[in-house]
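Below, read A as the first sequence line, B as the second, and so on, with proteins coming before strands; counting in each chain starts at 1. Since this is a predicted model, take the numbers as computed values, not measurements.
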Amino acid sequence: MPSRSAGVAARSKGRIYRTDGSCPFPSGVGRVVCRSARARTRGARLRARKGNLERPEWPRAMVAIAEILHGKHTGASVELRGWIYRTRTMGGKAFVVLRDATGVIQTTIARDKVPPEAFAAAEKALIESSVIVKGSVVADKRAPGGVEVRASDFHVVHFAEKYPIQEDQSEEFLLDVRHLWVRSQKMTTMFRIRDSTFRAVHEYFRGRGFWEVSPPMITPAGSEGGSTLFELDYFGKKAYLTQSWQLYAEALVLAMEKIYYVGPSFRAEKSRTTRHLTEYWHAEMEQAWVGMDEVLKHAEGVISHACQVVAEEHPDDVVAVGRTPEFLKAVKPPFERITYDEALKRLKAKGMELEWGKDLRTLEERALTEGKTKPVVVTHYPRVSQAFYKAKDPKDPELVLGFDVIAGDGVGEVVGGSERETDLEVIKKSLVEQGEDPKSYDWYLDSRRYGSVQHAGFGMGMERLIQWICRLDHIRDAVPFPRTPARFAP
RNA sequence: GCCGUCGUAGCUCAGUCUGGUAGAGCCCCCGACUGUUAAUCGGGUGGUCUGCGGUUCGAAUCCGCACGACGGCGCCA
């Protein structure tokens, strides 16, 4: 942890504040812009800011707030760098609540304990001003969190303008100022959990002999019939943003056998729901020589591993989002598995009739996961309206060897996977049935012409997994800058 | 693609039904306060009532059109 803090400080120094007088922008144009910006209204402030940072009596930041909150520095003198989260002043004492990337803590600045200019700065600085505080860590029941930093010096690096975000904000406004809202505790808590989740997925596959391979983002056509693609102008020709690595995975799996990838996928569907993004992060895997059961075990395994890592690395954050580490640690394989037919029976028992062949809708998914603490797996869906590459069930040609992993709390389908059809003629027929021209899939069909083998894989929505882990009401809060049908800025 | 709700100060909203000179709280500024927890108390600044058109002596308010946003369903991960 200390090395991480020091690293951040060192990077800040290198990027923003040059001591040799050079401009951080490489080109001549950048240099001009740099100087003219300085010459304008805020020039004086910028100069002051630079000068202050170079004060030798201010050594680089040493301590992360989370360390203090965990009692690591109680009784010691520390120096903190961070941003003002809240201020409360009263007479000769100012309470400045500070946040950094790791947490939030109260600092107290007493008029008679710091230099006069330091107290004046503490009184004057607005929310989100960046500051450096020196002081001693004291356990005090009166402080929020039970521990605080009593300042011996207080220095404002940059006086923030009036910050637009206060309490009681509408969802709409927070989306407008998303670039500032990412500083909130709600967002930073999610960022830490998201970080662990991504790392856990990579760990899981790499630890089991999977190769990370990279499919293209720009593609000539789609992979899943009905889904809508974002079209782009590729030097006068139509191209599309990928919605899945599916077709490429099936080509690559015959080269590397066990492969995975975590990257963006794009869907141009105008889905106005709490679990859809038009740009989302997709964790996908494909494996040769195995069938549905084997990759289903990996689906359970990777979800479980992510839950273990998050619970282990961020127990406080887990509690903050309304889960418990115990809840996540209990998410271990195997998950409950039911067939599509069994799901229909269960729904009927709950008074919900669903016509055979129809996909499970939000309503039904919620009913199936009601009261469950682990995701539920549904297998063997009807073949009608399933993607052309899914393998027919040899025991029942009306079914496919496909599965969904359905999470509770209204999140729904987190993983969709299947064994893939290996027979060239069957795939061609399916393509035609779905109104596609097999000719435009000719390169893909080569995977069934040259050494076709049994293989299977799945795709997992990273934001949906994070939404479920963090119990988020809306999937857009599982990503820093969400892209939805109505919004792609900031 | 379908259904619904909303748009008034930097923010959160009242005012619209029943037309008559634009309101509150928060933020911010000034002042008081040495243990505050979204501190409190006193004073102050701040408006293209989403836009366009119509009705009217007069429109934030009534009518029409447009735009924007949010929520739900479908589709999916």
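- Among the atoms of the strands shown, base atoms are found under 4.0 Å from some heavy atom of Q106(A).
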What are the atom names and distances for every N/O pair under 3.5 Å that joins the protein to nucleotides 41-49 of chain B?
none

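- Using a 4.0 Å heavy-atom cutoff across all strands shown, A486(A) reaches sugar-phosphate atoms only and no base atom.
- With rounding to the nearest 0.5 angstrom, the CD1 atom of I466(A) is 8.5 Å from the CG atom of L472(A).
- The shortest distance between the side-chain N/O atoms of R272(A) and the OP1/OP2 oxygens of G71(B) is below 4.0 Å.
- A77(B) makes up no base pair with any nucleotide shown, lacking Watson-Crick or G-U wobble contacts both under 3.5 Å.
- For M460(A) and C76(B), the CE to P distance is 20 Å, given to the nearest whole Å.
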Got a list of protein N/O to nucleotides 24-27 of chain B N/O distances below 3.5 Å?
from, atom 1, to, atom 2, distance (Å)
C27(B), O2', Q166(A), NE2, 3.3
C27(B), O2, K162(A), NZ, 3.2

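- Cation-pi geometry between R323(A) and W468(A) is satisfied (NZ or CZ under 6.0 Å from the ring centre, within 45° of the ring normal).
- For the C1' atoms, the distance from C73(B) to G58(B) is 45 Å, rounded to whole Å.
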Find every protein N or O atom lying less than 3.5 Å from an N or O atom of nucleotides 29-33 of chain B, and list the pairs.
from, atom 1, to, atom 2, distance (Å)
C33(B), N3, G91(A), N, 3.2

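- If you check the side chains of T197(A) and R199(A), you find no donor sitting under 3.5 Å from an acceptor.
- Summarising the geometry, the separation between CD on E148(A) and P on U34(B) is reported as 17 Å, rounded to the nearest angstrom.
- Separating the C1' atom of U48(B) from that of C3(B) is a span of 33 Å, rounded to the nearest Å.
- Using a 4.0 Å heavy-atom criterion, one finds that I165(A) contacts no nucleic acid atom at all.
- No contact: Q386(A) has no heavy atom under 4.0 Å from any strand.
- Candidate nucleotides C70(B), C75(B), A38(B) were compared by shortest atom distance to the side chain of E172(A), and C70(B) ranks first.
- The gap from the P atom of U45(B) to that of A60(B) amounts to 23 Å, rounded to the nearest Å.
- Distances from the side chain of S170(A) to the nucleotides C70(B), C73(B), U12(B) place U12(B) closest.
- For the residue pair Y85(A)/Q185(A), the side-chain donor-acceptor check at 3.5 Å is satisfied.
- Residue-level contact check: R150(A) touches the bases, meaning some heavy atom is under 4.0 Å from a base atom.
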Stepwise side-chain contact (heavy atoms from CB on, under 4.5 Å) test for L277(A) and R483(A): CA-CA 6 Å; L277(A) 295 167; R483(A) 297 295 180 243; 5.7 Å; no
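- Exactly one of E421(A), K390(A), E436(A), R383(A) qualifies for a side-chain hydrogen bond (donor to acceptor under 3.5 Å, both in side chains) with S430(A). That residue is R383(A).
- Listed by first and then second residue, the side chain to side chain donor-acceptor pair (under 3.5 Å) pairs that reach into residues 135-146 of chain A are D140(A)-R142(A), D140(A)-R150(A), sequence neighbours excluded.
- When heavy atoms are screened at a 4.0 angstrom cut-off, D404(A) is found touching no nucleic acid atom at all.
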side-chain contact (heavy atoms from CB on, under 4.5 Å) for F205(A) and I259(A)? Distances and angles first, verdict last. CA-CA 8 Å; F205(A) 287 114; I259(A) 56 174; over 6 Å; no
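- Ring-centre distance between Y444(A) and Y389(A): not below the 6.0 Å cut-off.
- Comparing A14(B) with A22(B), their C1' atoms are spaced 12 Å from each other, to the whole Å.
- With 3.5 Å as the limit, one finds no donor-acceptor pair spanning the side chains of H158(A) and S129(A).
- Geometrically, K134(A) does not engage F154(A) in a cation-pi contact, judged by NZ or CZ lying under 6.0 Å from the ring centre and within 45° of the ring axis.
- With a cut-off of 3.5 Å on both pairing distances, the Watson-Crick or G-U wobble partner of C57(B) is G20(B).
- The base of C75(B) is paired with the side chain of S271(A) by a donor and an acceptor separated by under 3.5 Å.
- V97(A) comes within contact range of no nucleotide atom at all, as no heavy-atom separation falls under 4.0 Å.
- A donor-acceptor contact under 3.5 Å links the side chain of K93(A) to the base of G35(B).
- In a base pair of the Watson-Crick type (N1 to N3 plus N6-O4 or O6-N4) or a G-U wobble (N1-O2 and O6-N3), with each distance short of 3.5 Å, C2(B) is matched with G72(B).
- Comparing C13(B) with C30(B), their P atoms sit 29 Å apart, to the nearest whole Å.
- Within 4.0 Å (heavy atoms only), F173(A) reaches sugar-phosphate atoms of the nucleic acid but no base atom.
- Heavy-atom neighbours of F230(A) CZ from other residues, nucleotides or ligands within 6.0 Å: above the threshold of 12.
- When both distances must be under 3.5 Å, the Watson-Crick or G-U wobble mate of C41(B) is G31(B).
- Here the separation of G15(B) from A59(B), taken at their C1' atoms, is 14 Å to the nearest Å.
- Closest to the D112(A) side chain, of the nucleotides C76(B), U36(B), U34(B), is U34(B).
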Going through the checks in order, is the ring pair (Phe, Tyr, Trp, His ring centres under 6.0 Å) test met by F210(A) and Y260(A)? CA-CA 6 Å; F210(A) 283 79; Y260(A) 85 101; 7.0 Å; no
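- Less than 4.0 Å separates RNA chain B from at least one heavy atom of each of the following residues of residues 353-366 of chain A: D359(A), R361(A), T362(A), R366(A).
- Pairing of G7(B), defined by two Watson-Crick or G-U wobble distances under 3.5 Å, is identified with C67(B).
- Taking atom C1' on both G54(B) and C75(B), the two are 42 Å apart, rounded to the nearest angstrom.
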Do H276(A) and T484(A) pass the side-chain contact (heavy atoms from CB on, under 4.5 Å) test, and can you show the C-alpha distance, the side-chain angles, and the key distance before you say yes or no? CA-CA 7 Å; H276(A) 283 89; T484(A) 57; over 6 Å; no
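- No donor-acceptor pair under 3.5 Å is formed between the side chain of K392(A) and the backbone N or O of E398(A).
- Of the P atoms belonging to U21(B) and U61(B), the separation is 14 Å, rounded to the nearest Å.
- Taking the 5.5 Å centre cut-off and the 30° plane limit, the aromatic side chain of Y280(A) is classed as stacked on A77(B).
- Distance E413(A) CD to A77(B) P: 5 Å, rounded to the nearest Å.
- Across all strands, A143(A) comes closer than 4.0 Å to base atoms (heavy-atom distances).
- On a pure distance criterion of 3.5 Å, no polar donor-acceptor pair joins the side chain of E269(A) and the base of G1(B).
- In the set A77(B), A69(B), U36(B), A77(B) carries the atom at the smallest distance from any side-chain atom of H276(A).
- Scored by the side-chain contact (heavy atoms from CB on, under 4.5 Å) test, H305(A) finds A200(A), E203(A), Y204(A), V309(A) as partners (sequence neighbours excluded).
- Contact annotation for T273(A): base contact, defined as any heavy-atom pair under 4.0 Å involving a base atom.
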What verdict does the side-chain contact (heavy atoms from CB on, under 4.5 Å) test give for V182(A) and F481(A), after you've listed the backbone C-alpha separation in whole Å, the side-chain angles of each residue and the deciding distance to 0.1 Å? CA-CA 8 Å; V182(A) 294; F481(A) 292 97; 4.1 Å; yes
